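Residue numbers start from 1 in every chain, and the chains themselves are labelled A, B, ... in the order their sequence lines are given, proteins ahead of strands. Since this is a predicted model, take the numbers as computed values, not measurements.
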There are 2 protein chains.
Amino acid sequence: MINYPNGIRRQRILENKKPAEKKVNFANRGMNFETEINASNDYYLSRKIAVVHKRPTPIQIVKVDYPKRSKAKITEAYFRQASTTDYSGVYQGKYLDFEAKESKQKTMFPMKNFHDHQLEHMDQVLRQGGISFVLLHFSALYETYFLDSKFLIDYYKEHGTNKSLPIKYIKRHGHQIEMSGIPRVPYLEVINKYYLGEK
Amino acid sequence: MINYPNGIRRQRILENKKPAEKKVNFANRGMNFETEINASNDYYLSRKIAVVHKRPTPIQIVKVDYPKRSKAKITEAYFRQASTTDYSGVYQGKYLDFEAKESKQKTMFPMKNFHDHQLEHMDQVLRQGGISFVLLHFSALYETYFLDSKFLIDYYKEHGTNKSLPIKYIKRHGHQIEMSGIPRVPYLEVINKYYLGEK
């Protein structure tokens, strides 16, 4: 591919160094949904399939100590409300943006899982031609759905955030994701099929 | 556009509510470069031109207090090194990803501004068809350049992070951005011209 006139040292990061493969524990069905999404993203990244990262939690830092000979220590800080969604990245040149949520409900998904700023952000992403969606995990049913944000926003405009999305609505407008293989939450299959027109 | 059967309350976020327009102070040439980028992104967002956000600083949280009747307070936390770049977003369906840095140097830009993980991330984004670049601001010259990450990575492979990018190299492979109008750092003009083939 490329010559490294100044020795092999420089190539250590840019070539072939795959992140360690994460092991997925199939036995542990109660595994936190967010952890499963993160593991799926690690898988996609390690296989050079997609580059999707979780955005760090926004924190308002108030006080920082700088002790001698040791690293800066934050001693007072507060959580801020996220103004965007949790995940963003790139897949085959396309911008992906999504939020992943789980609920113990069996027949509906509470809209209060999504706050106003997030819905506004999703709307902005859709208008800009990005692929915006939510991954909804019903932990009691062990069912996961991919729902385009368009339908979430439509429902919100109609009913507000006090209501819940009926599972019937999610099934009608969304796509179920089978969580039985590797990666555990293969959401890109939905994108391949319904957004990129494969197969 | 859409009817709001349940009253006007619901439309408050999704329609026409533009973020307050930021005032740009032309007098203050010493304005922090990051602040100027953020203001430019706010401008693009408010005009529905692009959706680009700064990723929050990644923090490792160690201790949190939950005082009664008041919000959670983080009492011990540490800065973590970012594994990606500072900015990401969507423009006309395309994934944008960039890092913005400034230097007081006049003839070169120190490579140590970019760490290994960031360069690896840029490489992953490029391979996935995203638009990855750096915005380099020479504060002493008051000159700003847009450089595709490809050229940053090429230079890194050749010279490592101990070296500095000569300004000649940046001028040859990059594009200067005039910082005289609104938004202050109109980096999308470069993308329109050289990536989307406008004009």
Side-chain angles (χ1 to χ4, degrees), chain A residues 2 4-6 9-15 17 45 48-51 53 55-59 61 64 71-80 82-84 88-97 116-117 119-121 123-125 127-132 153-154 156-161, chain B residues 2-7 9-14 17 45 48-51 53 55-59 61 64 71-80 82-84 88-97 116-117 119-121 123-125 127-131 153-154 156-161:
Chain A
I2 291 159
Y4 294 89
N6 294 309
R9 193 181 56 78
R10 273 106 194 221
Q11 77 183 73
R12 74 190 182 284
I13 63 138
L14 294 169
E15 300 295 321
K17 207 205 74 182
L45 186 65
K48 302 186 192 296
I49 296 169
V51 181
H53 289 279
R55 290 189 175 96
T57 306
I59 305 278
I61 297 168
V64 183
K71 60 186 172 177
K73 180 180 173 181
I74 299 161
T75 57
E76 185 180 351
Y78 301 92
F79 295 99
R80 283 188 305 157
S83 58
T84 63
S88 70
V90 55
Y91 176 53
Q92 300 190 14
K94 299 281 184 192
Y95 177 78
L96 302 188
D97 191 293
D116 291 1
H117 280 106
L119 290 158
E120 185 180 9
H121 172 73
D123 192 52
Q124 289 164 340
V125 169
R127 285 165 191 264
Q128 205 47 245
I131 298 176
S132 172
I153 292 166
D154 283 353
Y156 170 78
K157 283 181 177 171
E158 195 81 17
H159 303 279
T161 49
Chain B
I2 291 157
N3 286 320
Y4 294 88
N6 293 310
R9 195 181 55 79
R10 273 105 195 222
Q11 75 182 74
R12 73 187 183 286
I13 64 139
L14 293 169
K17 207 204 74 182
L45 186 65
K48 301 187 194 298
I49 295 169
V51 181
H53 289 279
R55 291 188 175 96
T57 307
I59 306 278
I61 296 168
V64 183
K71 60 186 174 179
K73 180 180 174 181
I74 298 161
T75 56
E76 186 181 352
Y78 300 92
F79 295 100
R80 286 188 304 156
S83 57
T84 63
S88 71
V90 56
Y91 176 54
Q92 299 190 14
K94 299 281 184 191
Y95 178 78
L96 302 188
D97 192 295
D116 290 2
H117 280 105
L119 290 158
E120 186 180 9
H121 172 73
D123 192 52
Q124 289 164 341
V125 169
R127 283 165 192 267
Q128 205 47 245
I131 298 175
I153 292 166
D154 283 353
Y156 171 77
K157 284 180 177 170
E158 195 82 15
H159 303 279
T161 49

Rounded distance [0.5 Å steps], NZ in B/K48 versus CG in A/D123: 7.0 Å
Which residues share a side chain to side chain contact (heavy atoms under 4.5 Å, CB included) with B/S83, sequence neighbours left out: none
Heavy-atom donor-acceptor pair, B/Q124 side chain to A/V51 backbone, under 3.5 Å: no
Contact winner vs chain B - A/A50, A/G93, A/A72, A/G129, heavy-atom pairs under 4.5 Å: A/G93
Quiz item: cation-pi between A/K71 and B/F79, 6.0 Å / 45°: no
Per-residue contact mode, B/T84 against chain A (heavy atom under 4.5 angstrom): side chain
Distance-minimising heavy-atom pair for A/T57 and B/P56: O-CB, 4.1 Å
Which atoms of A/I131 approach chain B - backbone, side chain, both or neither, heavy atom under 4.5 Å: neither
Residue selection (most heavy-atom pairs with chain A, distance under 4.5 Å) from B/R55, B/K94, B/H53: B/H53
Polar side-chain atom of A/Q128 near backbone of B/I49 as donor-acceptor pair, under 3.5 Å: yes
Side chain to side chain contact (heavy atoms under 4.5 Å, CB included) partners for B/A82, two or more places apart: B/P58
Interatomic spacing from NE2 in A/H121 to CG in B/L45 - rounded to 0.5 Å: 9.0 Å
Residue pair A/I59, B/I74: steps toward the side chain to side chain contact (heavy atoms under 4.5 Å, CB included) verdict: CA-CA 9 Å; A/I59 305 278; B/I74 298 161; 3.6 Å; yes
